[in-house]
Amino acid sequence: MKAAILRSLLRKSSTVAPSSSYVLRRGFSSELAPERKVAILGAAGGIGQPLSLLMKLNPLVSKLALYDIAGTPGVAADVSHINTRSEVTGYMGDDQLKQALEGSDVVIIPAGVPRKPGMTRDDLFNINAGIVKSLCSAIGKYCPNALVTMISNPVNSTVPIAAEVLKGLGVYDEKKLLGVTTLDVVRAKTFYAGKAKVNVAEVNVPVVGGHAGITILPLFSQASPRANLSDEDIKALTKRTQDGGTEVVEAKAGKGSATLSMAYAGAIFADACLKGLNGVPDVVECSFVQSTVTELPFFASKVRLGKNGVEEVLGLGLLSEFEQQGLEALKPELKSSIEKGIKFVHQS
C-alpha cells in the first residue's frame, strides 16, 4: 500500500518518457539508490512544508535538510516521523545555513513571500530578490556543485539573479541552475485533459517562455493525445494556464497563493533532477534555463536532464500561428524581467 501511495504522489507530471519511470521503479530501490542530499530553503513556509513532506516520501532522497529563518525544527520533527528512507534535519537562522547546504546534491528554493490578492509577481520582486541573492551567495560558498532549482517568484528574474550571484563567486554552471516552471505544465495538462475529455495521466503539454502571465506559453498544438479542439478552446486554455496563479489567489480570498500545487510541481521537478543525477535515461522536463533557443539569455523549454544537470536544451518544435504570435508577444516582457534581475544584483 505504501509503495502504491508513493508512486501516486510522485507520478511523472511532465515529459519524461514512460520507460524512465519504469527504470526508476525497477532499477533503484531505496536500498540501492545512491546517497543524495536534498536541501529545501524556505521549508517552513506555505510551499516549503508540503514540499518537505513530498520529498520525505521520495525514495531517492537519503538526507533531507530543511532550512528557514524560523519554525524549521518543528517541521523537521514532524516530517522525520514518517517511515521512509531519508534522514531529516532542521536548520534555522543564518548561522545554520552552512550546515544545511554542505554536501547537498540538489537545493530547492521556495523561500520568499507569497502573492496576495491584487499583487502581481512583479510586486514581489524587491523582497524575494534580496532573499534569493542572499541564499545563492551561501550556495556558491557551501555547495557550489549542487543543482539549484528555483521556485521563488518572480522566476523570470530570480533565476538571472542567481546566475549573476554565482558568476560573481566564480562558480556559475549554466547546467546546474534551473527555474521550476513545472506548475505551468501541471496546469496545462489538467485544463487540457478536462476540455479534451482524455485521461490526464496520459497527457503531455510542453510549456515554454517564462513563468508569469503572458510569458507562459503552453504549446497545445504539440499536446498528446491529440484532440480536435477549436481555436476558441485553445485560446481559452492558454489564458487559463497563464492566469492559473491568479485563479488560486482570488479563490483563497487573501489567505494564500498556490502552495499545494506548487509544492507538488516542485517535488515532481526535483524527482526528475534526482533521476537524471542517478543516470536514468530520457528524463525530459520543461524548465527556465540559460538558453540559445531564442535571442533571450534565459528561456523555458524542454530540457534533457542527466548526471551533470541540464544535458541538452531542446528546441521549440513546430508552432501554430497562434503560438508563434504568443512567442513574439512574450519576448519584450520576458526580456525586461531578465534584465531587471541582472540589474538588481549589480546595483544592490
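Here the structure is a predicted model, which is why all the values come from computation and not from measurement.
Crowding of Lys195 atom NZ: a count of heavy atoms from other residues, nucleotides or ligands under 6.0 Å not exceeding 12. Counting non-hydrogen atoms of other residues, nucleotides and ligands closer than 6.0 Å to NZ of Lys141 gives a total of 12 or fewer. In Lys335, the NZ atom is not crowded: 12 or fewer heavy atoms of neighbouring residues, nucleotides or ligands sit closer than 6.0 Å. Counting non-hydrogen atoms of neighbouring residues, nucleotides and ligands closer than 6.0 angstrom, the CD1 atom of Ile69 reaches no more than 12 such neighbours. The number of heavy-atom neighbours closer than 6.0 Å to CG of Asp94, taken from other residues, nucleotides and ligands shown, is 12 or below.
Here the straight-line distance linking atom CD of Glu87 with atom CG of Leu64 works out to 10.0 Å at 0.5 Å rounding. To the nearest 0.5 Å, atoms CD1 (Ile216) and CG (Leu334) are separated by 11.0 Å. To the nearest 0.5 Å, atoms OG (Ser221) and CZ (Phe322) are separated by 10.5 Å. The distance from atom OG of Ser320 to atom CD1 of Ile234, rounded to the nearest 0.5 Å, is 8.0 Å. A distance of 13.0 Å separates OG of Ser104 from OH of Tyr67, quoted to the nearest 0.5 Å. Atom CD1 of Ile161 is separated from atom CG of Leu166 by 11.5 Å, given to the nearest 0.5 angstrom.
Proximity of a side-chain donor or acceptor of Ser291 to a complementary backbone N or O of Val293 within less than 3.5 Å is detected. In this structure a side-chain-to-backbone donor-acceptor pair under 3.5 Å is missing from Ser336 to Pro332. Checked by atom type and distance alone, the side chain of Lys189 pairs as donor or acceptor with a backbone atom of Val203 at under 3.5 Å. Judged by distance alone, with hydrogens and angles left aside, the side-chain atoms of Ser287 form a donor-acceptor pair with the main-chain N or O of Gly179 at under 3.5 Å. A donor-acceptor contact shorter than 3.5 Å is absent between the side chain of Thr149 and the backbone of Ala270. When atom types are taken as modelled, the side chain of Asn128 and the backbone of Asn153 share a donor-acceptor pair closer than 3.5 angstrom. Proximity of a side-chain donor or acceptor of Gln222 to a complementary backbone N or O of Leu318 within less than 3.5 Å is detected. Judged by distance alone, with hydrogens and angles left aside, the side-chain atoms of Gln96 form a donor-acceptor pair with the main-chain N or O of Met92 at under 3.5 Å. With Asn278 contributing its side chain and Val280 its backbone, the two residues share no donor-acceptor pair below 3.5 Å. Looking at Lys37, its side chain does come within 3.5 Å of a backbone N or O of Ala100 through a donor-acceptor pair.
Between Val107 and Cys143 the shortest heavy-atom distance is CG2-SG, 3.9 Å. Annotation for Ala111 and Ile131: closest pair CB-CG2, 3.9 Å, computed over non-hydrogen atoms. For Ser257 against Val249, the heavy-atom pair with the smallest separation is CB-CG2, 3.8 Å. Taking each heavy atom of Ser152 and Pro110 in turn, the nearest pair found is OG-C, 3.6 Å. Residues Ser52 and Leu66 approach most closely at OG-CD2, 3.3 Å, considering heavy atoms. The shortest non-hydrogen separation linking Leu51 to Ile151 is CD2-CD1, 4.1 Å.
Looking at Asp105 and Arg36, a side-chain N of the basic residue comes within less than 4.0 Å of a carboxylate O on the acidic one, giving a salt bridge. Between Glu247 and Arg187 there is no salt bridge, since no side-chain N of the basic residue sits under 4.0 Å from a carboxylate O of the acidic one. We find that Glu285 and Arg304 are not joined by a salt bridge, their nearest charged nitrogen and carboxylate oxygen being 4.0 Å or further apart.
Evaluation of the salt bridge (Lys or Arg N to Asp or Glu O under 4.0 Å) test over residues 206-232, restricted to residues two or more places apart or in two chains, returns none.
Hydrophobic clustering, with ILVMFWY side chains joined whenever heavy atoms are under 4.5 angstrom apart, groups Leu101 together with Val171. One hydrophobic cluster, built from ILVMFWY side chains closer than 4.5 Å, cannot hold both Ile214 and Leu217; they sit in different ones. Placement of Ile82 and Leu260 in two distinct hydrophobic clusters is found when ILVMFWY residues are connected by side-chain heavy-atom separations under 4.5 Å, directly or transitively. Hydrophobic clustering, with ILVMFWY side chains joined whenever heavy atoms are under 4.5 angstrom apart, keeps Leu237 apart from Val200. In the hydrophobic clustering of ILVMFWY residues, with side-chain heavy atoms under 4.5 Å counting as a link, Val165 and Tyr142 come out together.
Inter-residue side-chain proximity for Leu177 and Leu147 is flagged as unmet; no heavy-atom pair is nearer than 4.5 Å. The closest side-chain heavy-atom distance from Leu327 to Leu316 is below 4.5 Å. Here the side chains of Val132 and Val159 are not in contact, with every heavy-atom distance at 4.5 Å or above. Contact check for Met150 versus Cys136: side-chain heavy atoms found under the 4.5 Å cut-off. Within the 4.5 Å cutoff, side-chain heavy atoms of Ser86 are placed close to those of Lys56. Side-chain contact check for Val208 versus Leu219: some heavy-atom pair is nearer than 4.5 Å. Contact of the Glu174 side chain with the Val310 side chain is not registered, since no non-hydrogen atoms from C-beta on lie closer than 4.5 Å. With contacts defined as side-chain heavy-atom distances shorter than 4.5 Å, the pair Lys331/Glu295 qualifies.
Side chains of Asp233 and Ser230: a donor-acceptor N/O pair is present below 3.5 angstrom, by distance only. No hydrogens or angles considered: a donor-acceptor pair under 3.5 Å links the side chains of Thr215 and Asn156.
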Before giving the answer on side-chain contact (heavy atoms from CB on, under 4.5 Å), spell out for Val289 and Val313 the whole-Å C-alpha distance, their side-chain angles and the decisive distance to 0.1 Å.
CA-CA 8 Å; Val289 298; Val313 179; 4.1 Å; yes
If you apply the rule side-chain contact (heavy atoms from CB on, under 4.5 Å), what do you find for Asp271 with Leu60, and how did you get there?
CA-CA 8 Å; Asp271 179 63; Leu60 300 183; 3.9 Å; yes
Determine whether Val155 and Val180 satisfy the following criterion, side-chain contact (heavy atoms from CB on, under 4.5 Å), listing intermediate values before the conclusion.
CA-CA 8 Å; Val155 167; Val180 180; over 6 Å; no
Run Phe269 and Ile108 through side-chain contact (heavy atoms from CB on, under 4.5 Å) and show every step you take.
CA-CA 10 Å; Phe269 188 75; Ile108 312 172; over 6 Å; no
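Ring orientation note: the planes of Tyr192 and Phe220 are close to parallel, at an angle under 30° on the 30°/60° scale.
In this structure His81 satisfies the side-chain hydrogen bond (donor to acceptor under 3.5 Å, both in side chains) test with no other residue, sequence neighbours excluded.
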